[in-house]
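Worksheet: the structure to be examined is printed underneath.
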Amino acid sequence: MTTIKDVAARAGVSAATVSRILNYDKTLAVSETTRRKVLEVAEKLQYKKRTRKVKQSGAKVAVVQWHSDKEELNDLYYYQIQYGIETKAQANGVSIDGISFSNLHHIDLTSYTGIIAVGKYDASEIEQLAALEKPLVFIGENYLFYGFDSVQSDFLTPVNWIIDHYLKLGIKDIGLIAGQEQTVTEHTVVYDPRATTYRTRMSQEKLFNPDYLFTGNYGPDAGHQLMTQAISKLQDQLPHAFIIGSDSMAIGALNALKEHHIEVPKRVSIISFNDVAIAKYAYPALTTTHVYTEIMGEKAFDLLQEQIKNPHKIPESVVISTKIIQRDSSL
C-alpha cells in the first residue's frame, strides 16, 4: 500500500510537505510546480498496472479538457480519467495530447485520429467539437441525445446506499454538500445528479430539509466555505451526517469542522466521492465512493477505436459502477 513516505521519495520532498499538500494546507509556501508534482505522484502510485512498451502506431488522439490546470489540481477526478486514457493509449501505441477547450480554436487537429472530450459541455460546445469532423467520445455526462458515444459514472446508486447506511444507524438528519458548475461558453449551470437523487430520496423518506442542502464549486475552498456556512447557520441543528460531492470538498469541510472543534465521525459523519489519493491521507481518512476513473478513460478509448474502425457505429452511453470504501470519517 502506498504511503506518504513513498510519495515523498518519488516527488523529492519531505513527508511533512506531502501531507500538507494532500490536505490543501493554505499556510504552506510551496510552488505550483511542486504541488502539481506531489499530486501527480500520489495519483500515479495508486495504480499498480504497468504497461509494457509498445511500438508506436503513429496515431494521435486529442484529449480535450474543459477544466483549467488549476481547477484540475483542486479536483483530481478529471486528472484520474486522463490517466486512464493515457494508460490504454500507451498499451496500443497511440500518443495522447491534452488540450484545453478554451485553446481549441488555436490548434490544428488535422493530424489527430480522434477526440475524447472530458467534462461537461453545452450545446454550442458540442457543436464546435462535432464540426471538427473527427471520431468523438465524451466522458462525464450522457451525450447520447446529441448522437455521440459517452461514458459516465453511476453517482445515483451510491447516494441511495449512503442514505440507507445512515438510516440503519438511526441517523435521519443527513446533509448534502454538492457541486454546481458552469459550462465554459454559455455558462450553463450543470447540476450535480447527486443533489437530485438526494432530494428525491429524502423526500420519499419524509426527511428532506432544504436547510441541509449546500452547493458550490468542487474544490477544497468551497467545501470549507459551505461547511462553515452550515455550522454558522444550523449551529446545534447541524446534521449528524453529510454526503459530500468530492474528496477535495470533503477535505475543506473537515478543516472547517476541526476549526469549530466538531468531532468526526463522533458528531458529524462524512462520506464523499471519487477516492482520489488525498482521501486516504486525510485526517481522519475519508470514507468515500470509489469511482473507476481509470476504467472510464479506458472505455472511452475503446469506444473511440470502434468509431475509427466503423464510422457508422451506433452511439452508446456507458455507465460505470462505483463502490463504497469504508475508512474513518464515517460511522
Side-chain angles (χ1 to χ4, degrees), residues 43 46-47 49 51 59-67 71-72 75-92 94 96-101 104 112-123 125-126 128-130 132 134-159 179 181 183-184 190-194 196-197 218 245-247 273-276 289-323:
E43 287 307 320
Q46 303 303 300
Y47 303 105
K49 282 198 301 185
T51 56
K60 285 198 305 181
V61 168
V63 178
V64 178
Q65 292 276 11
W66 78 317
H67 266 175
E71 288 171 323
E72 189 175 282
D75 184 6
L76 293 164
Y77 170 72
Y78 293 110
Y79 176 83
Q80 284 186 320
I81 290 173
Q82 179 150 336
Y83 184 80
I85 300 169
E86 290 171 354
T87 302
K88 192 63 182 282
Q90 181 185 344
N92 285 271
V94 176
I96 292 289
D97 286 338
I99 299 169
S100 169
F101 181 81
L104 196 60
Y112 289 88
T113 51
I115 299 168
I116 298 176
V118 183
K120 296 161 187 172
Y121 296 90
D122 58 41
E125 291 164 349
I126 294 167
Q128 289 179 60
L129 289 164
L132 297 169
K134 298 280 183 182
L136 174 61
V137 177
F138 289 90
I139 305 181
E141 295 282 300
N142 181 358
Y143 292 101
L144 204 58
F145 174 81
Y146 296 96
F148 293 106
D149 284 326
S150 58
V151 180
Q152 59 187 312
S153 186
D154 174 21
F155 288 142
L156 310 185
T157 303
V159 170
E181 299 173 297
T183 58
V184 176
V190 181
Y191 294 101
D192 191 328
R194 284 162 286 212
T196 304
T197 306
Y218 278 101
S246 75
D247 296 329
F273 277 78
N274 295 346
D275 195 26
V276 297
T289 307
H290 181 79
V291 178
Y292 293 95
T293 45
E294 188 176 11
I295 293 175
M296 291 171 70
E298 292 175 355
K299 184 61 180 175
F301 182 85
D302 289 341
L303 288 170
L304 189 69
Q305 296 311 298
E306 289 176 27
Q307 277 190 46
I308 291 168
K309 291 175 185 174
N310 176 16
H312 302 293
K313 173 189 170 298
I314 295 172
E316 300 174 55
S317 176
V318 178
V319 180
I320 307 294
S321 181
T322 53
K323 180 175 74 172

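Computed from a predicted structure; not experimentally measured.
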Taking [Y]'s backbone N and O only, do any of them form a donor-acceptor pair with [X]'s side chain (distance below 3.5 Å, no angle check)?
| X | Y | value |
| --- | --- | --- |
| Thr113 | Lys60 | yes |
| Gln307 | Leu136 | yes |
| Asp247 | Asp275 | yes |
| Arg194 | Gly245 | yes |

**Q.** Phe138 and Tyr143 aromatic ring geometry - parallel, tilted or perpendicular at 30°/60° bounds
**A.**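 Tilted, since the angle between the ring planes falls between 30° and 60°.
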Q.
Which label fits Trp66 and Tyr121: parallel for a plane angle under 30°, tilted from 30 to 60°, or perpendicular past 60°?
A.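 Ring orientation of Trp66 relative to Tyr121: tilted.
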Q) Taking side chain as C-beta onward, heavy atoms only, is Lys313 less than 4.5 Å from Asp149? A) yes
Q) Would you say the ring centroid of Tyr218 lies under 6.0 angstrom from that of Tyr77? A) no
Q.
Around atom NZ of Lys323, are there more than 12 heavy atoms from other residues, nucleotides or ligands closer than 6.0 Å?
A.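 It does not: Lys323 NZ has 12 such atoms or fewer within range.
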How many angstroms lie between [atom1] in [X] and [atom2] in [Y], if you round to the nearest 0.5 Å?
| X | Y | atom1 | atom2 | answer |
| --- | --- | --- | --- | --- |
| Gln90 | Phe301 | CD | CZ | 11.0 Å |
| Asn142 | Ser150 | CG | OG | 4.5 Å |
| Glu43 | Tyr79 | CD | OH | 7.0 Å |
| Thr87 | Glu294 | OG1 | CD | 5.0 Å |
| Ser153 | Ile139 | OG | CD1 | 11.5 Å |
| Phe155 | Thr289 | CZ | OG1 | 8.5 Å |

**Q.** Candidate pair Lys299 and Val137, rule side chain to side chain contact (heavy atoms under 4.5 Å, CB included), full reasoning
**A.** CA-CA 10 Å; Lys299 184 61 180 175; Val137 177; over 6 Å; no
Q.
What I want to check is whether the side chains of Asn92 and Gln305 have a donor and an acceptor closer together than 3.5 Å.
A. no
Q: Carefully, step by step, assess Leu129 and Leu104 under the rule side chain to side chain contact (heavy atoms under 4.5 Å, CB included).
A: CA-CA 9 Å; Leu129 289 164; Leu104 196 60; 3.6 Å; yes
Can you see which heavy atom on [X] is nearest to which on [Y], and at what distance?
| X | Y | answer |
| --- | --- | --- |
| Gln82 | Gln65 | OE1-NE2, 2.6 Å |
| Ile115 | Leu304 | O-CD1, 3.6 Å |
| Met296 | Val291 | SD-CG1, 3.9 Å |
| Ile85 | Ile96 | CG2-CD1, 3.8 Å |
| Asn274 | Gln80 | O-OE1, 4.0 Å |
| Pro311 | Ile308 | CD-O, 4.3 Å |

Q. Which residues pass the salt bridge (charged side-chain N to carboxylate O under 4.0 Å, His left out) test with Asp122, sequence neighbours left out?
A. none
Q.
Run the side chain to side chain contact (heavy atoms under 4.5 Å, CB included) test on Gln152 and Ser317 for me, step by step, so that the C-alpha distance in whole Å, both residues' side-chain angles and the decisive distance to 0.1 Å come before the verdict.
A. CA-CA 8 Å; Gln152 59 187 312; Ser317 176; 3.4 Å; yes
Q. After noting the C-alpha distance and the side-chain angles of Phe273 and Val159, does the key distance pass the side chain to side chain contact (heavy atoms under 4.5 Å, CB included) rule?
A. CA-CA 10 Å; Phe273 277 78; Val159 170; 4.0 Å; yes
Q. With sequence neighbours excluded, what pairs up with Tyr112 under the ring-ring contact (aromatic ring centres under 6.0 Å, His included) test?
A.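 Tyr112 satisfies ring-ring contact (aromatic ring centres under 6.0 Å, His included) with no other residue.
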